[in-house]
Amino acid sequence: MTVPAIALSGVTKRFGALTVLRSVDLDITAGRATAIVGPNAAGKSTLIRAVLGLTRPDAGRISVEGVPLNGHWDYRRRIGYMPQAACFPENLSGREVIAMLRDLRGRGAPTDEELIASFGLASELDKKVRTLSGGTRQKLNAVIALLFQPSILILDEPTAGLDPVASGILKEKILRLRHAGVSVVLTSHVMSDLEELADDIVVLLEGRVEYQGAISDLARLTGLAGLEKAIASLMLRGRSGA
Amino acid sequence: MRSAGKILKYELSNVFRSRWIPAYALLLLLLTDALFRFGGGGERAVLSLLNVVLVFVPLVSLVFGTMYLYNAREFIELLLAQPVGRAAIFTGLYGGLTLPLAAAFAIGVGAPFVYHRASATAAVAILLVTGVLLTAGFVAIAFCIAAWVQDRAKGLGLAILLWLLGTVVYDGAVLLVVMVFGDYPLETPMLLLTLLNPIDLGRVLMLLRLDIAALMGYTGAVFERFFGGPLGMVAAVAALLGWVALPLVLGLRRFRTRDF
């Protein structure tokens, strides 16, 4: 059996009285694209943050490509992360932000000039981040996530804030990486994105895994055509069962 | 700690380019210059400036420090997702704000003394060292607050409260102690109380250097004996450095384990 890209076992996270993740067991298959979906406050972001080490679980174990997370940060070398909202030091230029992250990673990976060019970002990279529009920052965010040839790509709402053209370019890029063997984990509320990008789907409901499996099996399971209806029915079923 | 150096390098170029740093330097420069022109030169200007430094520098450092760390939250999250330790991020950001603020202070206050050719070199040096150490200390306190308190309104409120305590309430409390326990020998407790407040520490150092310790009466004589000697100077600077190190260590401890 191949080692899962990300494995969670019994992961629980509480914020005060609120339990956000309830003993989550989850294996994210390497080399596939897995979408994590669920209603707001289902625990999607907390799950991603726990994998990145931003949040520490109260119980349970997480491993990334077979390496257990034990407070060390070296495993993040293999992860490219695109947060939902990008925020960079506002007086630096895009190029300087890229240079800083490259310095920190200590790798001479070349910048994806092709992606920069297709985003039309080249002329924007010399301007201060403060002056860039939200969409342009999001493009920069994407370029940074893809910069270091990661073996795992974690994308939190990757197309939010991007215009349709940029969104299409990014999706095409993600698919190409996925075909090249990169494990992709993404969250999105846009159903068409999920249909285009994801092989597997994980439905989180109130901090529990309600469904995990291939996206193609979901319709069969729920007996409903269309991803949106199938997911919605799972969410409703989980809510009425709770 | 190589990563901390890298973060520091980029943060320095970020913060030095912000509009606030030159504005802060310019404000201090105009103020110092005005005190020179209208208040007489040399030690008198130093004395007038002292009060500004003791009140203004801690306030600016606390407010800049807390807001800086709160505003950098998303950026910190991006850094945390990189193969970098948390201590490197915390210290890199701390240096990235403290050095520009301290430089703005040193230039703003120091430049007029240079171009007015002031004679009070030792007093100016002590003023500059005190201001730089106060900047480092209060930015550290601000970082400690922002690491512990997640809510930015509460954090900023706490920072301002601490500033009020240090500048206004503390002196009142010390006076109260002196009044109530006036019949007892208070020299040693007073020395300790002074060491516990970085703002008071700066004031005492400066007043002693200006040879007006006699104005402070009996306690002044005790202070002069203690702070005037080499041991006292070392103790004062060590206490000020302690005010940099302690909040930094406490803040870092929290920063290492907290959730983002």
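In what follows, chains are A, B, ... by sequence order, proteins preceding strands, each numbered from 1.
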What's the shortest heavy-atom distance between [X] and [Y], and which atoms?
{"X": "B:K6", "Y": "A:L104", "value": "CB-CD2, 4.1 Å"}
{"X": "B:A81", "Y": "A:Y81", "value": "CB-CD2, 3.4 Å"}
{"X": "A:P89", "Y": "B:E11", "value": "CG-OE2, 3.5 Å"}

Part of B:L80 within contact of chain A (heavy atom distance under 4.5 Å): both
Proximity breakdown for B:A72 and chain A, heavy-atom pairs closer than 4.5 Å: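 For B:A72, there is no contact with chain A at all, as no heavy atom is under 4.5 Å.
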Within residues 47-55 of chain A, residues adjacent to chain B where the heavy-atom gap is under 4.5 Å: A:R49, A:L52, A:G53, A:L54, A:T55
Heavy-atom side-chain contact between [X] and [Y] under 4.5 Å:
{"X": "B:Y10", "Y": "A:V97", "answer": "no"}
{"X": "B:F16", "Y": "A:N91", "answer": "no"}
{"X": "B:S13", "Y": "A:L92", "answer": "yes"}
{"X": "A:D103", "Y": "B:K9", "answer": "yes"}

Between B:Q82 and A:R105: side-chain donor-acceptor atoms closer than 3.5 Å: yes
Region of [X] in contact with chain B, defined by heavy-atom distances below 4.5 Å:
{"X": "A:L101", "value": "side chain"}
{"X": "A:P83", "value": "side chain"}
{"X": "A:Y75", "value": "neither"}

Heavy-atom donor-acceptor pair, B:D259 side chain to A:R56 backbone, under 3.5 Å: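 Yes: the side chain of B:D259 pairs with the backbone of A:R56.
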Lys/Arg N to Asp/Glu carboxylate O, A:E96 vs B:R17, below 4.0 Å: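 B:R17 and A:E96: salt-bridged.
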[X] atom [atom1], neighbour heavy-atom count above 12 within 6.0 Å:
{"X": "B:R254", "atom1": "CZ", "value": "yes"}
{"X": "A:R176", "atom1": "CZ", "value": "yes"}
{"X": "A:R130", "atom1": "CZ", "value": "yes"}
{"X": "B:W20", "atom1": "CH2", "value": "no"}

Between A:H72, A:M82, A:K13, the one whose heavy-atom pairs under 4.5 Å with chain B are most numerous: A:K13
Spacing of A:C87 atom SG and B:N71 atom CG [to the nearest 0.5 Å]: 8.0 Å
Between CZ on residue A:F88 and CD on residue B:E74, distance to nearest 0.5 Å: 10.5 Å
Pairs meeting criterion side-chain hydrogen bond (donor to acceptor under 3.5 Å, both in side chains) with involvement of residues 127-151 of chain B, two or more places apart: B:R73-B:Q150, B:Q150-B:R258
